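A quick write-up on the structure given underneath.
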Amino acid sequence: MKDVDLIVIGAGAAGLMCAGTAAGFGKSVLVLDHAEKAGKKILISGGGRCNFTNRFAGPANFISANPHFCKSALARFSAADFISWVEQNGIAYHEREHGQLFCDESARDILDMLLQPCHEFGSRFMLNTEIHGVEKHASFVVKTDKGDFSAASVAIATGGLSIPKMGASAFGLRVAEAFGLNVIEANPGLVPFTFTGKEKERLQTLAGISLDVTVSNRGTAFTEAMLFTHRGLSGPAMLQISSYWQPGDSLCINLLPACDVRALLAEKSQQRPDAQLATALSEILPKRLVQLLFDADLRELRLKQLNHRQLEQVLETLQGWSLKPNGTEGYRTAEVTTGGVDTNELSSKTMQSNKVPGLYFIGEVVDVTGHLGGFNFQWAWSSGYAAGMAI
Ligand code: FDA
(Lines give C-alpha, C1' and ligand atoms only; values in the text may rest on other atoms or scores of the structure.)
Protein backbone atom coordinates (compact mmCIF):
# COMPACT_ATOMS: atom_id res chain seq x y z
CA MET A 1 0.00 0.00 0.00
CA LYS A 2 1.32 3.43 -0.79
CA ASP A 3 -0.12 6.89 -0.42
CA VAL A 4 2.06 8.45 -3.12
CA ASP A 5 4.86 7.60 -5.55
CA LEU A 6 7.33 9.93 -3.88
CA ILE A 7 7.77 11.66 -0.56
CA VAL A 8 10.32 14.47 -0.62
CA ILE A 9 11.61 15.42 2.82
CA GLY A 10 12.85 19.02 2.69
CA ALA A 11 11.19 21.80 0.69
CA GLY A 12 14.47 23.56 -0.12
CA ALA A 13 16.31 24.01 -3.40
CA ALA A 14 16.96 20.32 -4.17
CA GLY A 15 13.64 19.06 -2.78
CA LEU A 16 11.56 21.49 -4.86
CA MET A 17 13.55 20.70 -8.00
CA CYS A 18 13.02 16.98 -7.44
CA ALA A 19 9.33 17.34 -6.57
CA GLY A 20 8.55 19.52 -9.60
CA THR A 21 10.46 17.22 -11.95
CA ALA A 22 8.83 14.01 -10.68
CA ALA A 23 5.37 15.61 -10.64
CA GLY A 24 5.92 16.80 -14.21
CA PHE A 25 6.48 13.17 -15.19
CA GLY A 26 3.15 12.20 -13.69
CA LYS A 27 4.26 11.02 -10.25
CA SER A 28 2.18 11.72 -7.18
CA VAL A 29 4.36 13.69 -4.79
CA LEU A 30 4.13 14.70 -1.14
CA VAL A 31 6.61 17.31 0.14
CA LEU A 32 7.24 17.44 3.90
CA ASP A 33 9.16 20.09 5.79
CA HIS A 34 9.35 21.17 9.40
CA ALA A 35 9.69 24.83 8.43
CA GLU A 36 6.64 27.06 8.06
CA LYS A 37 7.49 27.94 4.46
CA ALA A 38 9.31 26.42 1.49
CA GLY A 39 12.69 27.59 0.17
CA LYS A 40 13.78 29.78 3.08
CA LYS A 41 17.47 29.66 2.13
CA ILE A 42 16.66 30.52 -1.46
CA LEU A 43 14.86 33.66 -0.25
CA ILE A 44 17.80 34.95 1.79
CA SER A 45 20.50 33.85 -0.65
CA GLY A 46 22.68 36.28 -2.54
CA GLY A 47 21.54 39.17 -0.34
CA GLY A 48 17.91 38.50 -1.42
CA ARG A 49 18.82 38.27 -5.13
CA CYS A 50 19.84 34.56 -5.19
CA ASN A 51 23.08 33.71 -6.95
CA PHE A 52 21.13 30.93 -8.67
CA THR A 53 23.95 29.40 -10.72
CA ASN A 54 27.32 30.06 -12.24
CA ARG A 55 27.82 30.30 -15.97
CA PHE A 56 31.09 28.33 -15.66
CA ALA A 57 29.83 25.59 -13.32
CA GLY A 58 31.74 22.36 -13.86
CA PRO A 59 33.03 19.43 -11.80
CA ALA A 60 36.17 21.38 -10.79
CA ASN A 61 33.98 23.71 -8.71
CA PHE A 62 32.91 20.98 -6.31
CA ILE A 63 34.58 19.32 -3.33
CA SER A 64 33.85 15.66 -2.68
CA ALA A 65 35.73 12.54 -1.60
CA ASN A 66 34.93 11.38 -5.14
CA PRO A 67 35.44 14.38 -7.46
CA HIS A 68 33.95 12.44 -10.41
CA PHE A 69 30.60 11.79 -8.74
CA CYS A 70 28.99 15.14 -9.63
CA LYS A 71 29.82 14.91 -13.35
CA SER A 72 26.82 12.90 -14.52
CA ALA A 73 24.16 14.99 -12.75
CA LEU A 74 25.82 18.27 -13.82
CA ALA A 75 25.83 17.08 -17.43
CA ARG A 76 22.17 15.99 -17.34
CA PHE A 77 20.97 19.29 -15.92
CA SER A 78 23.60 21.97 -16.41
CA ALA A 79 23.90 25.66 -15.57
CA ALA A 80 22.80 26.36 -19.17
CA ASP A 81 19.62 24.31 -18.58
CA PHE A 82 18.77 26.29 -15.46
CA ILE A 83 19.54 29.60 -17.19
CA SER A 84 17.22 28.74 -20.08
CA TRP A 85 14.45 27.86 -17.60
CA VAL A 86 14.99 31.24 -15.89
CA GLU A 87 14.79 32.95 -19.28
CA GLN A 88 11.62 31.06 -20.29
CA ASN A 89 10.05 32.42 -17.10
CA GLY A 90 11.03 35.96 -18.04
CA ILE A 91 13.12 36.41 -14.89
CA ALA A 92 15.55 39.26 -15.36
CA TYR A 93 19.09 38.49 -14.18
CA HIS A 94 22.58 39.84 -14.38
CA GLU A 95 26.11 38.50 -14.30
CA ARG A 96 28.66 39.54 -11.71
CA GLU A 97 32.36 38.65 -11.59
CA HIS A 98 33.49 35.03 -12.13
CA GLY A 99 30.25 34.09 -13.97
CA GLN A 100 27.93 34.46 -10.96
CA LEU A 101 24.29 34.98 -11.99
CA PHE A 102 21.83 36.89 -9.80
CA CYS A 103 18.18 37.90 -10.14
CA ASP A 104 17.69 41.58 -10.94
CA GLU A 105 14.65 41.78 -8.70
CA SER A 106 14.27 39.13 -6.04
CA ALA A 107 15.15 35.57 -5.05
CA ARG A 108 11.38 35.12 -4.75
CA ASP A 109 11.30 34.81 -8.58
CA ILE A 110 13.43 31.65 -8.40
CA LEU A 111 11.32 30.18 -5.61
CA ASP A 112 8.11 30.88 -7.55
CA MET A 113 9.63 29.27 -10.64
CA LEU A 114 10.47 26.10 -8.67
CA LEU A 115 7.04 25.98 -7.04
CA GLN A 116 5.16 26.45 -10.31
CA PRO A 117 5.49 22.84 -11.65
CA CYS A 118 4.93 21.46 -8.15
CA HIS A 119 1.57 23.23 -8.00
CA GLU A 120 0.67 22.73 -11.66
CA PHE A 121 1.18 18.97 -11.44
CA GLY A 122 -0.47 18.58 -8.07
CA SER A 123 2.35 18.00 -5.55
CA ARG A 124 0.97 18.17 -2.03
CA PHE A 125 2.85 20.22 0.57
CA MET A 126 2.78 19.62 4.31
CA LEU A 127 4.86 22.28 6.04
CA ASN A 128 5.23 22.75 9.81
CA THR A 129 5.53 18.97 10.00
CA GLU A 130 7.91 17.23 12.40
CA ILE A 131 9.40 14.08 10.88
CA HIS A 132 9.99 11.34 13.42
CA GLY A 133 11.61 8.81 11.12
CA VAL A 134 11.71 6.88 7.86
CA GLU A 135 11.10 3.13 7.80
CA LYS A 136 11.17 0.65 4.97
CA HIS A 137 8.55 -2.09 4.86
CA ALA A 138 6.81 -3.15 1.61
CA SER A 139 7.02 0.57 0.83
CA PHE A 140 8.59 3.43 2.77
CA VAL A 141 6.74 4.81 5.78
CA VAL A 142 7.50 8.33 6.93
CA LYS A 143 6.35 8.93 10.49
CA THR A 144 5.39 12.48 11.37
CA ASP A 145 3.50 14.41 14.03
CA LYS A 146 0.62 14.59 11.54
CA GLY A 147 0.43 10.86 10.90
CA ASP A 148 2.25 8.24 8.88
CA PHE A 149 2.64 8.47 5.10
CA SER A 150 3.81 5.79 2.74
CA ALA A 151 5.49 6.00 -0.65
CA ALA A 152 7.32 3.85 -3.15
CA SER A 153 10.29 6.26 -3.03
CA VAL A 154 11.65 8.80 -0.58
CA ALA A 155 14.03 11.64 -1.47
CA ILE A 156 15.97 13.09 1.44
CA ALA A 157 16.59 16.77 0.71
CA THR A 158 17.09 18.17 4.20
CA GLY A 159 20.28 20.06 3.32
CA GLY A 160 23.31 20.65 5.51
CA LEU A 161 23.81 21.83 9.07
CA SER A 162 24.40 25.49 8.27
CA ILE A 163 22.27 28.12 10.01
CA PRO A 164 20.36 25.96 12.52
CA LYS A 165 18.10 28.90 13.41
CA MET A 166 16.69 28.65 9.86
CA GLY A 167 15.75 25.01 10.38
CA ALA A 168 18.93 23.20 9.34
CA SER A 169 19.24 19.78 10.94
CA ALA A 170 21.28 16.59 10.78
CA PHE A 171 18.12 14.66 9.90
CA GLY A 172 19.34 13.48 6.48
CA LEU A 173 22.64 12.25 7.87
CA ARG A 174 20.84 10.34 10.66
CA VAL A 175 18.50 8.69 8.12
CA ALA A 176 21.50 7.64 6.03
CA GLU A 177 23.19 6.15 9.09
CA ALA A 178 20.01 4.41 10.20
CA PHE A 179 19.88 2.66 6.80
CA GLY A 180 23.54 1.64 7.14
CA LEU A 181 24.97 4.19 4.69
CA ASN A 182 28.38 5.70 5.31
CA VAL A 183 28.51 9.42 6.08
CA ILE A 184 31.62 11.55 5.53
CA GLU A 185 32.26 13.84 8.52
CA ALA A 186 30.38 17.12 8.16
CA ASN A 187 32.08 20.48 8.73
CA PRO A 188 31.12 24.13 8.22
CA GLY A 189 32.20 25.43 4.78
CA LEU A 190 32.26 28.89 3.19
CA VAL A 191 32.68 30.34 6.66
CA PRO A 192 34.82 33.15 8.18
CA PHE A 193 37.89 32.29 10.28
CA THR A 194 38.27 33.26 13.92
CA PHE A 195 41.37 33.94 16.02
CA THR A 196 41.97 34.16 19.74
CA GLY A 197 44.27 35.97 22.17
CA LYS A 198 47.09 38.18 20.93
CA GLU A 199 46.58 37.25 17.27
CA LYS A 200 42.92 38.30 17.43
CA GLU A 201 43.89 41.62 19.06
CA ARG A 202 46.54 42.24 16.39
CA LEU A 203 44.19 41.48 13.50
CA GLN A 204 41.38 43.55 15.03
CA THR A 205 43.45 46.66 14.40
CA LEU A 206 42.93 45.98 10.68
CA ALA A 207 39.14 45.51 10.85
CA GLY A 208 37.46 46.91 7.75
CA ILE A 209 40.48 46.55 5.44
CA SER A 210 39.85 44.52 2.29
CA LEU A 211 42.41 43.54 -0.34
CA ASP A 212 42.85 41.01 -3.12
CA VAL A 213 45.08 38.12 -2.05
CA THR A 214 45.93 34.59 -3.03
CA VAL A 215 45.29 32.25 -0.13
CA SER A 216 46.42 28.65 -0.21
CA ASN A 217 45.93 25.58 1.94
CA ARG A 218 46.27 21.85 1.29
CA GLY A 219 47.27 22.32 -2.35
CA THR A 220 44.33 24.57 -3.24
CA ALA A 221 44.51 28.32 -3.85
CA PHE A 222 42.01 31.12 -4.44
CA THR A 223 42.69 34.68 -5.60
CA GLU A 224 39.90 36.92 -4.36
CA ALA A 225 39.21 39.60 -1.76
CA MET A 226 40.13 39.09 1.89
CA LEU A 227 38.42 41.14 4.59
CA PHE A 228 39.75 41.74 8.12
CA THR A 229 36.90 41.67 10.62
CA HIS A 230 36.60 42.19 14.37
CA ARG A 231 36.56 38.41 14.82
CA GLY A 232 39.14 37.37 12.25
CA LEU A 233 39.20 36.95 8.48
CA SER A 234 36.38 36.88 5.97
CA GLY A 235 35.72 37.86 2.35
CA PRO A 236 35.43 35.52 -0.66
CA ALA A 237 39.05 34.29 -0.53
CA MET A 238 38.70 33.18 3.09
CA LEU A 239 35.23 31.68 2.61
CA GLN A 240 36.47 29.64 -0.33
CA ILE A 241 39.55 28.27 1.41
CA SER A 242 37.58 27.52 4.61
CA SER A 243 35.91 24.58 2.81
CA TYR A 244 39.36 22.94 2.57
CA TRP A 245 40.73 23.99 5.97
CA GLN A 246 41.22 21.55 8.82
CA PRO A 247 41.79 22.56 12.48
CA GLY A 248 45.49 23.15 13.08
CA ASP A 249 46.21 24.21 9.47
CA SER A 250 47.99 27.48 8.75
CA LEU A 251 46.89 29.60 5.81
CA CYS A 252 49.53 30.91 3.40
CA ILE A 253 48.58 34.36 2.11
CA ASN A 254 50.17 36.23 -0.78
CA LEU A 255 49.23 39.84 -0.06
CA LEU A 256 50.35 41.11 -3.46
CA PRO A 257 49.51 38.34 -5.92
CA ALA A 258 49.44 40.58 -8.97
CA CYS A 259 52.76 42.26 -8.28
CA ASP A 260 56.43 41.39 -8.79
CA VAL A 261 57.41 42.81 -5.41
CA ARG A 262 61.13 42.20 -5.84
CA ALA A 263 61.21 44.19 -9.09
CA LEU A 264 58.98 46.90 -7.65
CA LEU A 265 61.17 47.41 -4.58
CA ALA A 266 64.29 47.43 -6.75
CA GLU A 267 62.74 50.14 -8.91
CA LYS A 268 61.64 52.23 -5.93
CA SER A 269 65.07 51.82 -4.36
CA GLN A 270 66.69 53.16 -7.49
CA GLN A 271 64.30 56.09 -7.81
CA ARG A 272 64.10 57.01 -4.10
CA PRO A 273 66.93 55.30 -2.19
CA ASP A 274 66.27 57.40 0.91
CA ALA A 275 62.58 56.48 1.18
CA GLN A 276 61.68 54.35 4.17
CA LEU A 277 60.51 50.80 3.55
CA ALA A 278 57.19 51.65 5.28
CA THR A 279 56.60 54.57 2.91
CA ALA A 280 57.33 52.48 -0.17
CA LEU A 281 55.11 49.61 0.97
CA SER A 282 52.29 51.93 2.02
CA GLU A 283 52.00 52.93 -1.63
CA ILE A 284 50.88 49.39 -2.50
CA LEU A 285 49.32 48.13 0.76
CA PRO A 286 47.18 49.69 3.51
CA LYS A 287 49.42 51.54 5.98
CA ARG A 288 47.93 49.77 9.02
CA LEU A 289 48.76 46.41 7.47
CA VAL A 290 52.36 47.44 6.80
CA GLN A 291 52.68 48.49 10.45
CA LEU A 292 51.35 45.17 11.65
CA LEU A 293 53.54 43.09 9.37
CA PHE A 294 56.92 44.67 10.08
CA ASP A 295 58.69 45.79 13.27
CA ALA A 296 59.68 49.43 13.48
CA ASP A 297 63.38 48.47 13.02
CA LEU A 298 62.65 47.10 9.56
CA ARG A 299 59.89 49.56 8.61
CA GLU A 300 62.07 52.56 9.23
CA LEU A 301 65.02 51.33 7.21
CA ARG A 302 65.74 53.31 4.08
CA LEU A 303 65.42 51.30 0.87
CA LYS A 304 69.15 51.68 0.17
CA GLN A 305 69.93 50.18 3.58
CA LEU A 306 68.02 46.92 3.03
CA ASN A 307 70.43 44.01 2.92
CA HIS A 308 69.79 40.70 1.13
CA ARG A 309 68.49 38.91 4.25
CA GLN A 310 66.12 41.76 5.11
CA LEU A 311 64.82 41.94 1.53
CA GLU A 312 64.13 38.19 1.52
CA GLN A 313 62.34 38.55 4.87
CA VAL A 314 60.13 41.31 3.46
CA LEU A 315 59.32 39.27 0.34
CA GLU A 316 58.53 36.16 2.37
CA THR A 317 56.17 38.08 4.64
CA LEU A 318 54.36 39.78 1.76
CA GLN A 319 54.04 36.71 -0.44
CA GLY A 320 53.78 33.94 2.12
CA TRP A 321 52.19 35.44 5.25
CA SER A 322 51.34 32.52 7.48
CA LEU A 323 48.30 32.76 9.74
CA LYS A 324 46.87 29.99 11.91
CA PRO A 325 43.16 30.48 12.65
CA ASN A 326 41.96 28.93 15.88
CA GLY A 327 38.67 27.98 14.24
CA THR A 328 35.76 29.19 12.16
CA GLU A 329 32.49 30.89 12.99
CA GLY A 330 30.89 27.47 12.61
CA TYR A 331 27.43 26.51 11.42
CA ARG A 332 25.98 29.74 12.84
CA THR A 333 27.19 31.64 9.76
CA ALA A 334 28.56 28.96 7.40
CA GLU A 335 26.99 29.11 3.96
CA VAL A 336 27.34 25.37 3.41
CA THR A 337 28.29 22.08 5.01
CA THR A 338 31.14 19.98 3.66
CA GLY A 339 30.93 16.19 3.89
CA GLY A 340 27.62 14.35 4.02
CA VAL A 341 26.26 11.10 2.61
CA ASP A 342 29.19 9.22 1.06
CA THR A 343 28.83 9.30 -2.72
CA ASN A 344 30.06 5.68 -2.85
CA GLU A 345 26.65 4.80 -1.44
CA LEU A 346 24.73 6.49 -4.27
CA SER A 347 24.21 6.15 -8.01
CA SER A 348 25.74 9.17 -9.71
CA LYS A 349 23.03 9.01 -12.39
CA THR A 350 19.99 8.91 -10.10
CA MET A 351 21.16 9.73 -6.53
CA GLN A 352 19.49 6.50 -5.42
CA SER A 353 21.05 4.52 -2.59
CA ASN A 354 22.83 1.41 -3.84
CA LYS A 355 21.88 -0.46 -0.68
CA VAL A 356 18.29 0.74 -0.26
CA PRO A 357 16.36 0.88 -3.56
CA GLY A 358 13.84 3.71 -3.58
CA LEU A 359 15.81 5.89 -1.14
CA TYR A 360 17.39 9.00 -2.72
CA PHE A 361 19.68 11.70 -1.29
CA ILE A 362 19.95 15.06 -3.07
CA GLY A 363 21.40 18.52 -2.53
CA GLU A 364 23.68 19.56 0.27
CA VAL A 365 23.09 16.43 2.38
CA VAL A 366 25.31 14.60 -0.13
CA ASP A 367 29.11 14.82 0.08
CA VAL A 368 29.29 17.31 -2.79
CA THR A 369 30.04 20.91 -1.81
CA GLY A 370 30.30 23.77 -4.25
CA HIS A 371 32.66 26.70 -4.18
CA LEU A 372 31.25 30.16 -3.53
CA GLY A 373 29.46 31.66 -6.53
CA GLY A 374 26.18 29.87 -7.32
CA PHE A 375 27.62 26.36 -7.45
CA ASN A 376 25.74 25.02 -4.43
CA PHE A 377 22.39 25.88 -5.95
CA GLN A 378 23.51 24.33 -9.23
CA TRP A 379 24.25 21.10 -7.35
CA ALA A 380 20.77 21.27 -5.77
CA TRP A 381 19.17 21.72 -9.22
CA SER A 382 21.28 19.02 -10.91
CA SER A 383 20.95 16.38 -8.19
CA GLY A 384 17.26 17.16 -7.63
CA TYR A 385 16.58 16.82 -11.35
CA ALA A 386 18.55 13.53 -11.58
CA ALA A 387 16.45 11.99 -8.81
CA GLY A 388 13.17 13.51 -10.03
CA MET A 389 13.73 12.04 -13.50
CA ALA A 390 14.64 8.60 -12.15
CA ILE A 391 11.77 8.12 -9.73
P1 FDA B 1 18.11 23.58 1.79
O2 FDA B 1 18.80 24.03 3.03
O3 FDA B 1 17.83 24.55 0.71
O4 FDA B 1 16.72 22.89 2.17
C5 FDA B 1 16.60 21.94 3.19
C6 FDA B 1 15.17 21.91 3.62
O7 FDA B 1 15.02 20.82 4.53
C8 FDA B 1 14.75 23.16 4.38
O9 FDA B 1 13.53 23.63 3.88
C10 FDA B 1 14.64 22.69 5.83
O11 FDA B 1 13.62 23.37 6.55
C12 FDA B 1 14.27 21.23 5.65
N13 FDA B 1 14.65 20.41 6.79
C14 FDA B 1 15.85 20.34 7.41
N15 FDA B 1 15.80 19.48 8.43
C16 FDA B 1 14.53 18.98 8.46
C17 FDA B 1 13.87 18.06 9.29
N18 FDA B 1 14.49 17.48 10.33
N19 FDA B 1 12.56 17.78 9.06
C20 FDA B 1 11.91 18.39 8.01
N21 FDA B 1 12.50 19.27 7.18
C22 FDA B 1 13.80 19.57 7.40
N23 FDA B 1 24.21 28.90 -2.67
C24 FDA B 1 24.32 29.38 -3.93
O25 FDA B 1 24.57 28.62 -4.86
N26 FDA B 1 24.12 30.72 -4.16
C27 FDA B 1 23.82 31.61 -3.16
O28 FDA B 1 23.58 32.80 -3.41
C29 FDA B 1 23.77 31.10 -1.84
N30 FDA B 1 23.54 31.96 -0.80
C31 FDA B 1 23.43 31.45 0.48
C32 FDA B 1 23.23 32.32 1.53
C33 FDA B 1 23.11 31.82 2.82
C34 FDA B 1 22.93 32.78 3.96
C35 FDA B 1 23.21 30.43 3.04
C36 FDA B 1 23.06 29.86 4.43
C37 FDA B 1 23.42 29.56 2.00
C38 FDA B 1 23.55 30.06 0.70
N39 FDA B 1 23.81 29.22 -0.38
C40 FDA B 1 23.94 29.72 -1.63
C41 FDA B 1 23.86 27.74 -0.20
C42 FDA B 1 22.52 27.15 -0.61
O43 FDA B 1 21.48 27.86 0.07
C44 FDA B 1 22.43 25.67 -0.24
O45 FDA B 1 23.56 24.97 -0.69
C46 FDA B 1 21.18 25.06 -0.84
O47 FDA B 1 20.03 25.71 -0.32
C48 FDA B 1 21.10 23.57 -0.53
O49 FDA B 1 19.88 23.09 -0.99
P50 FDA B 1 19.19 21.86 -0.26
O51 FDA B 1 17.86 21.71 -0.89
O52 FDA B 1 20.10 20.72 -0.19
O53 FDA B 1 19.00 22.36 1.24
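Just so you know, ligand 1 is whichever comes first in the structure, and atom 1 is the first atom listed for that ligand. For the single chain, residues carry numbers from 1 onward in sequence order. Small disclaimer: the values here were computed from a predicted structure and weren't measured. Side chains are part of it too, since the values below use all heavy atoms of this structure and drop only hydrogens, waters and symmetry mates.
Distances below 4.0 Å separate heavy atoms of N376 from the following atoms of ligand 1: 23 (N), 25 (O), 45 (O).
Counting only non-hydrogen atoms, the option in G373, G39, C103, A157 that gets closest to atom 5 (C) of ligand 1 is A157. Comparing heavy-atom distances from atom 45 (O) of ligand 1 across E36, M166, E364 singles out E364 as nearest.
A search for salt bridge (Lys or Arg N to Asp or Glu O under 4.0 Å) contacts involving E312 returns R262, not counting sequence neighbours. Considering only residues two or more places apart in sequence or on other chains, R174 meets the salt bridge (Lys or Arg N to Asp or Glu O under 4.0 Å) condition with E177.
Ionic pairing of D249 and K324 is not present here: no N-O contact between side-chain nitrogen and carboxylate oxygen is shorter than 4.0 angstrom. Salt bridge E283/K268: present, at least one basic N to carboxylate O contact under 4.0 Å. Here D112 pairs with R108 in a salt bridge; the nearest charged N to carboxylate O distance falls below 4.0 Å.
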Q: Let me see the working for L346 and Q352 under side chain to side chain contact (heavy atoms under 4.5 Å, CB included), right down to the final yes or no.
A: CA-CA 5 Å; L346 307 176; Q352 182 172 210; over 6 Å; no

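Within the 4.0 Å heavy-atom criterion, the part of I131 lying near ligand 1 is the side chain and not the backbone. With a 4.0 Å heavy-atom cut-off, ligand 1 is reached by the backbone of F375 but not by any atom from C-beta on.
G374 counts as a contact of ligand 1, since one of its heavy atoms falls under 4.0 Å from the ligand. Residue-ligand proximity: A168 is placed with every non-hydrogen atom at 4.0 Å or more from ligand 1. Within the 4.0 Å heavy-atom cutoff, E335 counts among the residues contacting ligand 1.
In terms of N/O distances under 3.5 Å, ligand 1 is approached by F377. Residue S162 has no nitrogen or oxygen atom sitting less than 3.5 Å from a nitrogen or oxygen atom of ligand 1, judged on distance alone.
The protein atom (non-hydrogen) at minimum distance from atom 53 (O) of ligand 1 is G159 CA, 3.3 Å.
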